[in-house]
Amino acid sequence: MWDYSDKVKEHFFNPKNAGAVVDANATGEVGSISCGDALRLTLKVDDDSEIILEAGFQTFGCGSAIASSSVLTEIIKGMTLDEAAKVTNQDIADQLEGLPPEKMHCSVMGREALQAAIANYRGEVWQDDHEEGALICKCFAIDAVMIEEMVWANKLRTVEDVTNFTKAGGGCASCHEDIEAILEKVLAEKGEKFDPTATPIEAITKIAAVKAPLTNLQRIKKIEQVLESLRPALMADGGDVELVEVIGNTAYVNMTGACNGCQMAAMTIAGIQQRLMEVMGEFIKVVPASEMKKLVNIEVA
């Protein structure tokens with residue numbers, strides 16, 4: 001399991017400003033319930049001073065999403081809109097005394113909701129950066145602009161970093177090559193060289209606290225246990241999942257029954273991956289077994 005700071009736990013168990021603000025005059029909505037994360041931020045702004053008097057949130061997501069939304073409302077109350085516009089996702093994470101790398105996308109969602117609310121108050125149409133660039137991750141609708149911005153702002157260095165901050169690459173993994181190309185481009189602009197074997201930047205400070213890595217046999221048993229816990233929910237919809245192989249940090253699975261060929265299969269696999277990472281406390285890729293031969297051949301070549 002991931003280690004959460006006391007601040008994260010405090011805001012999760014006792015969220016501040018939960019619910020919509022009565023008579024709000026600014027609203028920002030981001031994310032999608034179908035994607036597993038959504039946030040609606042409402043503000044009451046003084047029309048003369050543009051000071052944020054009240055802030056409230058309604059969110060659908062994990063504990064980190066709740067904590068990020070809660071602390072965001074505390075950060076911005078009393079700020080002018082111009083001051084609030086400068087709040088970054090890192091400010092949100094810092095206020096929580098850190099977030100697990102795999103949950104940094106929750107702070108990004110908070111920043112985006114704030115920008116959307118400010119635009120809404122000013123009568124502007126918030127330009128979602130996701131709509132401006134080439135779509136990279138089809139599973140989570142994340143585009144190149146979003147990834148480049150996060151790489152620049154948060155000094156990301158690996159595909160795993162990008163997945164942790166944006167969710168891009170956290171589904172079927174077919175976009176990892178494109179993400180690597182973006183990393184190579186941005187790092188070159190910064191005078192650095194992309195190293196596909198680099199240690200994820202956020203993990204560097206955690207290495208000392210990390211327990212001994214699992215052996216492959218231990219990892220397989222853990223994965224089987226998690227799949228077994230998810231099986232009743234899949235079978236309730238007529239589907240199932242079968243573990244085919246585990247190579248390194250990649251688990252290859254077959255979706256069977258009603259899950260086989262389902263349009264939501266990619267989302268189901270992403271959900272399985274998310275659950276595995278939560279339980280195992282390490283980065284795990286879940287990939288359809290049909291991709292195994294191709295990916296293994298690429299690694300060998």
Side-chain heavy atoms of [X] within contact of [Y], under 4.5 Å:
X: Asn17; Y: Glu74; value: yes
X: Thr42; Y: Arg40; value: yes
X: Asp161; Y: Leu183; value: no
X: Arg219; Y: Ile223; value: yes
X: Thr166; Y: Leu156; value: no
X: Tyr121; Y: Leu43; value: no
X: Leu99; Y: Val8; value: yes
X: Val71; Y: Lys7; value: no

Supply the atom-to-atom distance [X] [atom1] to [Y] [atom2], rounded to the nearest 0.5 angstrom.
X: Cys106; Y: Arg111; atom1: SG; atom2: CZ; answer: 14.0 Å
X: Ile75; Y: Leu114; atom1: CD1; atom2: CG; answer: 9.5 Å
X: Gln225; Y: Lys222; atom1: CD; atom2: NZ; answer: 5.5 Å
X: Leu41; Y: Gln58; atom1: CG; atom2: CD; answer: 10.0 Å
X: Asn249; Y: Asn216; atom1: CG; atom2: CG; answer: 10.0 Å
X: Leu81; Y: Ile76; atom1: CG; atom2: CD1; answer: 9.0 Å

Would Lys86 and Glu83 count as a salt bridge (charged side-chain N to carboxylate O under 4.0 Å, His left out) if you check the C-alpha gap in whole Å, the side-chain angles of each, and the deciding distance to 0.1 Å?
-> CA-CA 6 Å; Lys86 298 176 183 175; Glu83 291 170 338; over 6 Å; no
Any sub-3.5 Å donor-acceptor pair from [X]'s side-chain atoms to [Y]'s backbone N or O?
X: Thr73; Y: Gly56; answer: no
X: Asn120; Y: Thr27; answer: yes
X: Arg231; Y: Val241; answer: yes
X: His11; Y: Lys16; answer: no
X: Ser68; Y: Ser64; answer: yes

Check your understanding: Are Glu50 and Arg122 close enough for a salt bridge, meaning some N to O gap below 4.0 Å?
Key -> yes
request  = Decide, yes or no, whether a salt bridge links Glu224 with Lys221 under the criterion of side-chain N to carboxylate O below 4.0 Å.
outcome  = no
If you draw a 6.0 Å radius around [atom1] in [X], do more than 12 non-hydrogen atoms from other residues or ligands fall strictly inside?
X: Glu10; atom1: CD; result: yes
X: Lys190; atom1: NZ; result: yes
X: Lys44; atom1: NZ; result: yes

Does [X] share a hydrophobic cluster with [Y], counting links as ILVMFWY side-chain heavy atoms below 4.5 Å and allowing steps through other members?
X: Val159; Y: Trp152; answer: yes
X: Leu53; Y: Met79; answer: no
X: Leu227; Y: Val286; answer: yes
X: Ile51; Y: Ile118; answer: no
X: Val45; Y: Val21; answer: no

List the atom of [X], the atom of [Y], and the distance in Å for their closest heavy-atom pair.
X: Gly169; Y: Thr163; result: C-OG1, 3.9 Å
X: Gly28; Y: Ala116; result: CA-CB, 3.8 Å
X: Leu96; Y: Ala67; result: CD2-O, 3.8 Å
X: Phe57; Y: Ser69; result: CD1-CB, 3.4 Å
X: Leu39; Y: Ala113; result: CD2-CB, 3.5 Å
X: Ser5; Y: Glu97; result: CB-O, 3.7 Å

task = Kindly indicate, with the supporting measurements, whether the criterion side chain to side chain contact (heavy atoms under 4.5 Å, CB included) is fulfilled by Ile182 and Val162.
result = CA-CA 10 Å; Ile182 292 173; Val162 172; over 6 Å; no
Check: Asp94/Gln90 side-chain N/O donor and acceptor closer than 3.5 Å: yes
*Report the C-alpha distance between Asp178 and Lys185 in whole Å, list the side-chain angles of each, state the deciding distance to 0.1 Å, and finish with yes or no for salt bridge (charged side-chain N to carboxylate O under 4.0 Å, His left out).*
CA-CA 11 Å; Asp178 291 333; Lys185 170 179 171 287; over 6 Å; no
